[in-house]
Amino acid sequence: MLSYTLRTLTRMALTFFVIITIVFFATRLSGNAVDFVVGEGITSEDRALLIKYYELDQPLFTQYFAFLKSFTDGQFGLSFIERRPVSQIVVERLWPSAQLLLSAMGLTLLVSLPLGIAAALWRKSWIGSAVMVLAFLGYAVPNFVMAIVMVLVFSYWLNWLPVVGNGTPWHFIMPTIAMAGVLIAALTRFTRNAMLDVLGQDFMRTARAKGLPESRVILKHGLRNAGITILSVIGLQVAGLAAAGSVVIESIFAWPGIGDLLVSSALRRDYPVLQFGVVTVALAVIVINAAVDLAYAWADPRLRHSVTA
């Protein structure tokens with residue numbers, strides 16, 4: 001198991017290196033950021049001073065190695081726009097994004113697990129069919145479409161819920177539902193399929209033969225054994241939310257998180273903030289995926305045996 005953990009950590013490091021390399025060169029494709037930041041009317045002397053200050057006059061690979069060095073000394077530079085340390089700006093946005101992600105995950109687990117179990121237990125009745133129809137519809141509707149529809153209905157037409165910011169609990173309702181919508185649909189389907197795989201197993205029949213209550217049989221024996229598959233799905237979906245979902249939803253609702261920061265930094269060509277923000281999100285996704293792999297390896301006896309053999 002130790003060797004498997006070391007291989008996982010090595011893959012994490014290599015993936016992270018590739019990502020930060022791609023991020024650096026991709027942000028340079030649109031040209032010199034100084035031309036965009038200062039606009040017209042600046043003298044050539046002032047422009048040269050700004051380029052020298054931000055070390056944009058250096059060769060590209062010199063800038064690249066300086067960028068790599070920033071991860072060892074913790075000095076990520078200043079924002080082109082706000083003239084503040086990049087790390088300070090990104091850290092300020094982490095907690096709002098984490099709040100939204102946690103609320104979406106809490107809603108997902110609260111809704112999808114009972115629905116998936118119900119769809120498996122009553123798979124031949126109208127209840128199971130209704131749950132699966134709703135799951136397929138939810139999976140087919142992109143989260144940004146759901147967000148826009150909710151804004152039109154509940155904010156513009158009915159004037160029930162606020163749209164911009166995160167100042168009150170009411171601000172969480174629409175972004176949380178929009179972010180969790182697709183995830184609820186996906187996890188409901190996977191929970192149903194995982195439960196169907198274990199409902200007919202011998203240990204389930206043995207538990208019922210012992211006279212255990214059906215609720216205990218389902219939750220303790222069924223859901224626990226299906227949890228290995230469900231755990232992997234949750235990890236992948238959370239990683240997807242942390243990467244793409246937050247960018248879309250936070251932009252629509254002007255949520256002051258990492259996703260909104262990435263969009264604004266890209267539009268303003270604020271290279272230092274954009275680079276560090278993307279790398280932060282990528283690192284979160286890598287860590288989540290690695291944690292799921294390790295948890296899956298520890299939870300599944302067969303896999304644990306294979307990786308320790």
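No experiment lies behind these values; they were computed from the predicted model shown.
- Minimum heavy-atom separation, Gln275 to Phe24: OE1-CD1, 3.6 Å.
- Here the OH-CD1 distance, from Tyr64 to Ile20, works out to 6.0 Å after rounding to the nearest 0.5 Å.
- Checked against the 6.0 Å centroid threshold, Trp170 and Phe154 do not count as a close aromatic pair.
- The nearest pair of heavy atoms linking Ile249 to Ala178 is CD1-CB, 3.8 Å.
- Using a 3.5 Å distance cut-off with no hydrogens or angles, the side chains of Ser79 and Asp270 do pair a donor with an acceptor.
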Arg93 vs Glu250, salt bridge (Lys or Arg N to Asp or Glu O under 4.0 Å): CA-CA, chis, key distance, verdict: CA-CA 11 Å; Arg93 301 294 192 105; Glu250 289 181 8; over 6 Å; no

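- Taking every heavy atom of both residues into account, Gly138 and Ala185 meet most closely at C-CB, 3.7 Å.
- Taking all atoms of both residues into account, the shortest heavy-atom contact from Val141 to Val182 is O-CG2, 3.4 Å.
- Contact record, Gly257 with Ser97: CA-OG, 3.2 Å, taken as the closest heavy-atom pair.
- Aromatic pair Phe25/Phe61: centroids less than 6.0 angstrom apart.
- Residue Val149 is grouped with residue Phe253 when hydrophobic side chains (ILVMFWY) are merged at heavy-atom distances under 4.5 angstrom, including chains of intermediate members.
- What you find for Met146 and Ile177 is that their closest heavy atoms are SD-O, 3.7 Å.
- Paired with Thr191 under the rule side-chain contact (heavy atoms from CB on, under 4.5 Å), one option of Leu109, Leu113, Leu115, Leu196 passes, and it is Leu113.
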